[in-house]
Amino acid sequence: VQQTAETLPLSGRHMVVTSGPTHEPIDPVRYLANRSSGKQGHAIAAAASAAGAKVTLVSGPVNLPDPADVTMIHVETAAEMLLAVTEALPADVAIMSAAVADWRVASEGQQKIKKDGSGAPPSLNLVENPDILATIGHHESLRPSLLIGFAAETQNLLENAKGKLERKRADWIVANDVSPETGIMGGDRNTVRIVSADGVEDWPALDKTEVARRLVSRIATHIGPAKS
Ligand code: CTP
Ligand code: CA
């Protein structure tokens, strides 16, 4: 029997996914960034789309092709990502897998910063970026019924992930060991633990595409297709 759109596990569901790093400009030629490749977030968007969901993927700058059959929104900064996510909601599920830059430069230089000849480096005044996951988590009307965050940690993985679950009002945190021995950011594999109010689920080291498939299947089990 051919599987029709109606029978796919996430048919009729809308999912918003964030992916990649953000770039925070310093001046017209320089920026702050991190090592996120976007592989995990893009794989989640692709897997959700294959499961029948209508997917909006909001991504920072990555060297990856746009996944097939998703509504793609390319952004650069955390502020732009927050705005794009807000505009993409409401959704049934949101997954914040982007490695949002924690800080931006307080005021972006309009001209390239020049060496002044003294040998003294310029000082960069940093301010904290808005927390997209926490903003949505605490938003009465925009919060999806299933809100999933990531936690990139190099130490105290579970303790930190549980703290993020509560502080950001997420339903699940995908806790991600990014210490150099195990998880190196940008690689093709991921070792994650799913932290929720129900407890902790340990997954083995898997390809990011497989992590994505399992996560989407866990989501489908949790919410199912839209009632028609
Ligand atoms: N996140 C976000 N906006 C930010 C920072 C983080 O939406 N400005 C989201 C990430 O997409 C992820 C979760 O919050 O889903 C956790 O990100 P992480 O960097 O692990 O946590 P932080 O709260 O930034 O704390 P820290 O980096 O200090 O561990
Ligand atoms: Ca962070």
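Worth knowing before you read on, the calculation uses all heavy atoms, side chains too, and leaves out hydrogens, waters and symmetry mates. Order of listing sets the numbers, starting from 1, for every ligand and every atom in it.
Enclosure of atom CG in D207 by more than 12 non-hydrogen atoms of other residues, nucleotides or ligands within 6.0 angstrom is indicated. Counting heavy-atom neighbours within 6.0 Å of N63 CG, excluding the residue itself, gives a total of 12 or less.
Geometrically, R218 does not engage W203 in a cation-pi contact defined by less than 6.0 Å to the ring centre and at most 45° from the axis.
Using a 4.5 Å cut-off on side-chain heavy atoms (C-beta onward), V62 and P21 make contact. Contact of the F150 side chain with the I44 side chain is registered, since non-hydrogen atoms from C-beta on lie closer than 4.5 Å.
Contact between T18 and ligand 1 is absent, with no heavy atom of the residue lying under 4.0 Å from the ligand.
Nearest-residue assignment for atom 20 (O) of ligand 1 (options E128, E153, K164; heavy-atom criterion): K164. Of all the listed residues (L133, T135, N129), L133 holds the heavy atom that lies closest to atom 9 (C) of ligand 1.
The protein heavy-atom contact nearest to atom 22 (P) of ligand 1 is K168 NZ, 3.8 Å. Considering only non-hydrogen protein atoms, atom 17 (O) of ligand 1 sits nearest to F150 O, 3.8 Å. Among protein heavy atoms, the minimum distance from atom 15 (O) of ligand 1 is reached at M96 O, 2.6 Å. When only non-hydrogen protein atoms are considered, atom 3 (N) of ligand 1 lies nearest to I132 N, 3.0 Å. The nearest heavy-atom contact from the protein to atom 28 (O) of ligand 1 is D102 OD2, 4.5 Å. When hydrogens are left out, the protein atom nearest atom 10 (C) of ligand 1 is A98 O, 3.4 Å; that is the closest non-hydrogen contact.
The A151 neighbourhood of ligand 1 comprises atoms 20 (O), with distances under 4.0 Å to a heavy atom of that residue. Less than 4.0 angstrom separates some heavy atom of P130 from each of these atoms of ligand 1: 3 (N), 4 (C), 8 (N). Residue contact check: G149 has heavy atoms under 4.0 Å from atoms 15 (O) of ligand 1.
Tested against P122, the residues I113, I26, D27 include a single side-chain contact (heavy atoms from CB on, under 4.5 Å) partner, I113.
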